[in-house]
Amino acid sequence: MLLIGEKKFRAKQIYRWLHVKYADSFSQMSDLSENLRAKLEENYTIGSLKQVKKLVSKIDNTTKYLFELDNNCIIESVFMQYSYGNTVCISTQAGCRMGCTFCASTLDGVEKSLSPSEMLSQVYEIEKDKGETVSGVVLMGSGEPLDNYDNVIKFIKLINSKEGKNMGQRHITLSTCGLINKIYELADEDLQITLAVSLHAPNDMIRNRIMPVSKANPMDKLLQACRDYVAKTNRRITFEYSLIKDVNDSAENAKELAEKLKGLLCHVNLIPVNDVKERDYVRSTNEAVKRFEGILTSRGIETTVRRKLGSDIDAACGQLRKRYKDEKR
Ligand code: SF4
């Protein structure tokens with residue numbers, strides 16, 4: 001603000017308009033002088049996302065959004081209602097370059113790493129659209145958050161700021177496909193967020209097949225990084241495990257996973273994967289899911305099967321965005 005010769009407290013006022021009242025124009029900032037509003041109008045713009053599609057579940061109010069960014073990239077965000085509050089799943093990149101074979105977000109690579117404000121806008125736009133408060137965020141939409149590290153850290157600090165939305169760090173979950181070096185970097189940030197690591201396999205042989213990123217980030221080193229992360233932050237880690245029929249859902253797979261996670265402060269989230277036509281992946285049967293869960297639990301690994309939200313607007317992660325882009329082409 002020094003640039004335009006204003007007092008410091010003006011910055012606080014403007015910050016509040018942007019991050020608490022979600023103003024989308026400077027003219028709304030009624031406690032600023034007309035002169036200052038004009039100066040802001042002249043020198044700055046307020047970024048916004050254009051909503052291009054919205055699907056609302058009639059069953060549980062889960063709402064999927066497609067937003068268009070300034071450079072025409074399309075991103076997907078999801079609003080979810082839980083008994084403990086509303087959560088938004090945001091994208092951190094348009095597309096992704098990690099290449100997980102069960103994920104549609106990666107089919108065209110990464111088009112853009114999102115700025116902190118593009119991440120914040122997903123939350124703010126959804127709050128405005130739904131007319132409801134969002135109390136939690138999961139960074140689990142398209143993109144690998146740790147591949148857009150600096151912007152993601154800025155986003156977390158902004159959404160957590162007392163002068164702004166003031167979202168507790170414990171209500172923020174960052175999901176990574178397991179970039180070991182970045183997990184060590186994150187451990188040094190002194191954040192209280194929840195780290196979710198996408199494991200999806202009990203060993204490198206299976207993991208290499210479904211997650212190419214694992215070749216450079218082998219499982220023993222990844223799990224060591226997770227142990228070190230827990231030791232440094234005292235925060236429990238969540239492991240995401242998508243169950244794919246006849247790929248990673250056998251009893252042997254469950255036993256091997258339980259053995260590897262023994263003694264680690266963690267929680268396993270089992271996700272019966274959505275069918276992926278492009279890859280011939282089929283959802284595990286209910287019996288296989290139950291068996292997998294039972295084996296982990298009986299070996300002392302805290303495990304839950306992710307509840308399926310919005311089944312009537314069902315679309316696997318990234319599929320909605322892909323379909324929209326294909327139609328446009
Ligand atoms: S699952 Fe996540 S990390 Fe893997 S390709 Fe999809 S968006 Fe990227």
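One-based numbering, in listed order, for ligands and for the atoms of each.
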Practice problem: Return the set of residues passing ring pair (Phe, Tyr, Trp, His ring centres under 6.0 Å) with Phe79 (not counting sequence neighbours), or none when no residue passes. | Solution: none
Quiz item: Hey, what's the ring geometry for Tyr22 with Tyr124, parallel, tilted or perpendicular (30° and 60° as the breaks)?
Solution: parallel
Quiz item: Will you find, in the side chains of Tyr241 and Ser198, an N or O donor that is under 3.5 Å from an N or O acceptor?
Solution: no
Exercise. Using 2.8 Å as the cut-off, note every protein N, O or S atom close to atom 6 (Fe) of ligand 1.
Key: Cys103 SG
Exercise. Applying side-chain hydrogen bond (donor to acceptor under 3.5 Å, both in side chains), name anything that partners Arg321, two or more places apart in sequence or on another chain.
Key: Glu111
Quiz item: Taking atom types as modelled, is there a side-chain donor on Glu293 or Thr303 under 3.5 Å from an acceptor on the other?
Solution: no
Quiz item: Which residue pairs satisfy the ring pair (Phe, Tyr, Trp, His ring centres under 6.0 Å) criterion with at least one member in residues 132-164, sequence neighbours excluded?
Solution: none
